[in-house]
Q: 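Dropping the structure in here first, questions after.
What you are looking at is a predicted structure, and each value in this text was computed from that prediction instead of being measured.
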Amino acid sequence: MTRIETLVASLAAAFPAGEAKVTVALSEVTAVVPRTRLHETMRALRDRSELAFETLLDVCGVDYSAYGNGAYEGPRYAVVYHLLSLAYNARLRVR
């Protein structure tokens with residue numbers, strides 16, 4: 001099992017359906033989390049031993065108003081967090 005497959009499996013086990021939508025694109029893992037569950041999810045990503053995302057690399061805002069030539073349907077703004085697990089040499093994007 002690759003590192004990415006292991007990470008996706010660990011995320012699926014940690015967050016039952018509906019708590020986080022996990023996708024992989026271009027060898028990057030993204031977890032989309034409902035705004036109401038952000039604090040608890042970020043705490044779990046840090047504290048669960050099988051995840052151990054103890055480093056916050058970056059926080060940025062995204063404006064989707066011109067994304068996909070205006071075809072994007074969803075909230076206009078998003079906050080994106082980039083996390084690093086030194087223990088597992090893994091990166092995760094949380095939106």
Side-chain angles (χ1 to χ4, degrees):
M1 189 178 280
T2 68
R3 185 178 324 150
I4 290 176
E5 291 170 336
T6 302
L7 173 57
V8 170
S10 295
L11 289 168
F15 304 106
E19 290 186 26
K21 178 183 174 195
V22 178
T23 60
V24 179
L26 303 172
S27 299
E28 295 181 359
V29 181
T30 301
V32 179
V33 178
R35 179 180 335 162
T36 57
R37 303 204 34 100
L38 180 65
H39 290 124
E40 138 184 18
T41 301
M42 295 294 273
R43 190 172 292 114
L45 289 169
R46 181 194 65 192
D47 295 345
R48 290 180 70 111
S49 61
E50 71 273 20
L51 297 170
F53 284 99
E54 67 274 359
T55 305
L56 173 64
L57 297 173
D58 186 33
V59 178
C60 62
V62 179
D63 180 353
Y64 287 105
S65 63
Y67 183 77
N69 294 323
Y72 176 77
E73 292 184 22
R76 177 175 175 180
Y77 299 105
V79 177
V80 179
Y81 304 85
H82 294 98
L83 305 177
L84 173 66
S85 171
L86 295 171
Y88 297 106
N89 190 26
R91 292 176 183 261
L92 176 66
R93 177 186 302 119
V94 178
R95 182 170 63 95

Q: Among L84, L92, V94, exactly one meets side-chain contact (heavy atoms from CB on, under 4.5 Å) together with F53. Which residue is that?
A: L92
Q: Going hydrophobic residue to hydrophobic residue with side-chain gaps under 4.5 angstrom, can you get from L57 over to L7?
A: no
Q: With rounding to the nearest 0.5 angstrom, report the OG to CZ distance, S85 to R48.
A: 13.5 Å
Q: Got a donor-acceptor contact below 3.5 angstrom from the E40 side chain to the R37 backbone?
A: no
Q: Is there a side-chain contact between F15 and L51 (heavy atoms, below 4.5 Å)?
A: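 Heavy-atom side-chain distance check passes, below 4.5 Å.
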Q: Below 4.5 Å, heavy atoms only, C-beta onward: do V32 and T23 meet side chain to side chain?
A: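 Sidechains of T23 and V32: no contact.
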Q: Do L45 and L11 come close enough that some side-chain heavy atom pair is under 4.5 Å?
A: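 Yes; the side chains approach each other to less than 4.5 Å.
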Q: Decide yes or no for I4 and S27: does some side-chain heavy atom of the first lie under 4.5 Å from some side-chain heavy atom of the second?
A: yes
Q: Can you name the closest pair of heavy atoms from E19 and A14 and give their distance?
A: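 Minimum heavy-atom contact is OE1-O, 4.5 Å.
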Q: Any heavy-atom pair between the side chains of T30 and V22 that's under 4.5 Å?
A: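 No, their side chains stay 4.5 Å or more apart.
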Q: Which residues satisfy the ring pair (Phe, Tyr, Trp, His ring centres under 6.0 Å) test with Y67, sequence neighbours excluded?
A: Y64, Y72
Q: Honestly curious: do L38 and V29 fall in one hydrophobic cluster under the side-chain, below-4.5 Å linking rule?
A: yes
Q: Under 4.5 Å between side-chain heavy atoms, chaining through other members, with only Ile, Leu, Val, Met, Phe, Trp and Tyr counted: pull out the rest of the cluster around Y77, sorted by chain and number.
A: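 Via sub-4.5 Å side-chain contacts, Y77 links to none.
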Q: Could you grab the distance from atom CE of M42 to atom CG of L83, nearest 0.5 Å is fine?
A: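 If I round to the nearest 0.5 Å, the distance is 4.5 Å.
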Q: Short question: side chain of R95, backbone of A78 - any donor-acceptor pair under 3.5 Å?
A: no
Q: Is there a donor-acceptor pair closer than 3.5 Å between any side-chain N or O of E54 and the backbone N or O of L86?
A: yes
Q: May I ask whether V33 and V8 are part of the same hydrophobic cluster, defined by side-chain heavy atoms of I, L, V, M, F, W, Y residues being less than 4.5 angstrom apart, directly or through others?
A: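 Yes; V8 is reachable from V33 via cluster members.
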Q: Which of these passes side-chain contact (heavy atoms from CB on, under 4.5 Å) with H82: R91, R93, E28?
A: R93
